[in-house]
Amino acid sequence: MSLTEKVALVTGAGRGIGAAARRLAAGGAAVVVSDIDQEVAEATAASLRKEGRRALAVACDVSRRTDVQTMVERTVAEFGHLDVLVTCAGLIRDNLVYKMTEEDWDLVIDTHLKGSFLCAQAAQSVMVPQKSGRIVLISSTSALGNRGQANYSAAKMGIQGLARTLALELGRYEITVNVVAPGFIETRMTEATAERMGISFEQLTAGVAATNPIPRTGKPEDVAGVIAFLADDEASYVTGQVIYVRGAP
Ligand code: NAP
């Protein structure tokens, strides 16, 4: 697998599943490490540069069109093109439907669904003239429904519809659009879930592992490998697909 000469932009890359940025850099890509928090993004980018990789940190709130446009413009200004977009930015605001506030509904939909739309739209404006590109959107097993996650589930299923539609529209430009849908991955997001449930993270992971066909929880690296495959030339005839990374069917 070689991503040499490729430029990859990863949102929410400061932590968690955004570690995909590290995996793409290891494959030879120049990476734009984007996160809502400039400090977190810069720390990751700086550590990659220390390892001899090409990396640029860009602060971006993916729910804001102007931020997203600036992020893509800075990518092209720094590296000349954009070959791979991976959208890892995300948050959760869980609650049962009868207690869910409109603010928490809007925040989750805006971050995940609108954010994926804005990022994909900005990226395709560079990729279409190039006649090449890879877009990997991040969904979740929660897309299939999950108690306490009406907002998140709706956004994550919406992302699957967005990706299939983008795949139909962008295929003629040799741009593939796929979705990676993780199950339980050990990150700050799932740590927050344990906190909300009032149990330790160890208790939560042990419970998940005990009922999963592959009896463990996932690590960000489990997801990063699949993202890297979809970003590679080897996957040039795979588009509009949803790949669940959950240690279960
Ligand atoms: P994470 O560790 O919390 O990382 C998400 C990153 O996105 C954080 O750095 C967060 O910043 C950032 N972010 C939040 N809102 C943003 C915005 N508006 N614009 C830009 N960046 C923003 O979470 P993760 O588990 O790696 O999640 C990454 C993606 O995988 C998300 O789309 C999530 O829904 C999805 N996913 C995760 C799991 C799982 O089990 N962990 C399972 C399925 C899908 P702050 O920390 O400052 O908020």
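Residue numbers run from 1 in the order of the sequence given. When a ligand or atom number is given, it counts from 1 through the structure's own listing order.
- Side chain to side chain, Q241 and R164 fail the donor-acceptor criterion of an N or O pair below 3.5 Å.
- Interface atoms of ligand 1 facing D61, defined by a heavy-atom separation under 4.0 Å, are 17 (C), 18 (N), 19 (N).
- Counted by atom type alone, Q69 and T66 present zero donor-acceptor pairs between their side chains at under 3.5 Å.
- Residue V84 comes nearest to L82 through the heavy atom pair O-CD1, 3.5 Å, listed as atom of the first residue, atom of the second, then distance.
- Looking at ligand 1, you won't find any N or O of G12 less than 3.5 Å from one of its N or O atoms.
- With contacts defined as side-chain heavy-atom distances shorter than 4.5 Å, the pair V32/E78 does not qualify.
- Taking a cutoff of 4.0 Å between a charged side-chain nitrogen and a carboxylate oxygen, R49 and E42 qualify as a salt bridge.
- Within the 4.0 Å heavy-atom shell around ligand 1 one does not find V40.
- By the 3.5 Å distance cut-off applied to N or O atoms, G183 is counted among the residues near ligand 1.
- Considering backbone and side-chain N/O of Y152, one or more are found under 3.5 Å from N/O of ligand 1.
- Between T176 and S236 the shortest heavy-atom distance is CG2-O, 3.5 Å.
- Rounding to the nearest 0.5 angstrom, the gap separating the CE atom in M71 from the CG atom in L118 is 9.0 Å.
- Ligand 1 is never approached by D37 to a heavy-atom distance shorter than 4.0 Å.
- The CD atom of E234 sits 7.5 Å away from atom CZ of F229, with the distance rounded to the nearest 0.5 Å.
- With no hydrogens or angles considered, no side-chain donor-acceptor pair links T44 and R15 at under 3.5 Å.
- Atom 3 (O) of ligand 1 has M189 N, 4.0 Å as its closest protein atom, hydrogens excluded (heavy atom only).
- Under the ring-ring contact (aromatic ring centres under 6.0 Å, His included) test applied with H112, the options W105, F117, Y152 reduce to a single match, Y152.
- At least one N/O-N/O distance between V62 and ligand 1 falls below 3.5 Å.
- For atom 43 (C) of ligand 1, the choice among S142, A143, P182 with the nearest heavy atom turns out to be P182.
- Using a 4.0 Å cut-off between a side-chain N of Lys or Arg and a carboxylate O of Asp or Glu, D94 and K99 do not qualify as a salt bridge.
- If you look at I17 next to ligand 1, the close heavy atoms, those under 4.0 Å, come from the backbone and the side chain alike.
- Two residues are said to be in side-chain contact when any heavy atoms from C-beta on lie closer than 4.5 Å; M127 and D83 fail this criterion.
- When only interatomic distances are considered, the shortest N/O to N/O separation between T141 and ligand 1 does not fall below 3.5 Å.
- In C60, the part holding a heavy atom less than 4.0 Å from any atom of ligand 1 is the backbone.
- Using a 4.0 Å cut-off between heavy atoms, T111 contacts ligand 1 through its side chain alone, with no backbone atom that close.
- Polar contact with ligand 1: present for I185 (N/O pair, distance under 3.5 Å).
- In terms of protein heavy-atom proximity, atom 29 (C) of ligand 1 is closest to C88 O, 3.1 Å.
- Polar contact with ligand 1: absent for S63 (N/O pair, distance under 3.5 Å).
- For atom 9 (O) of ligand 1, the closest non-hydrogen atom of the protein is D35 OD2, 2.7 Å.
- Within ligand 1, the atoms closer than 4.0 Å to a non-hydrogen atom of F184 are 40 (O), numbered from 1 in the order shown.
- Of all the listed residues (A181, G14, G90), G90 holds the heavy atom that lies closest to atom 10 (C) of ligand 1.
- Residue H112 has at least one heavy-atom neighbour below 4.0 Å for each of these atoms of ligand 1: 32 (O), 34 (O).
- The distance from the CG atom of D110 to the OG atom of S63 is 5.5 Å, given to the nearest 0.5 Å.
- With a 4.0 Å heavy-atom cut-off, ligand 1 is reached by the backbone of S139 but not by any atom from C-beta on.
- For a threshold of 3.5 Å applied to N or O pairs, the pair formed by T187 and ligand 1 contains at least one separation below that value.
- The closest heavy-atom contact to atom 17 (C) of ligand 1, among the options T11, I36, L137, comes from I36.
- Between K131 and E174 there is no salt bridge, since no side-chain N of the basic residue sits under 4.0 Å from a carboxylate O of the acidic one.
- Looking only at protein heavy atoms, the nearest one to atom 46 (O) of ligand 1 is R188 NH2, 2.7 Å.
- To the nearest 0.5 Å, atom OG1 of residue T87 and atom CD1 of residue I135 are 9.0 Å apart.
- Heavy-atom proximity to G16, at under 4.0 Å, picks out these atoms of ligand 1: 2 (O), 26 (O).
- Counting protein heavy atoms only, atom 32 (O) of ligand 1 is closest to K156 NZ, 2.9 Å.
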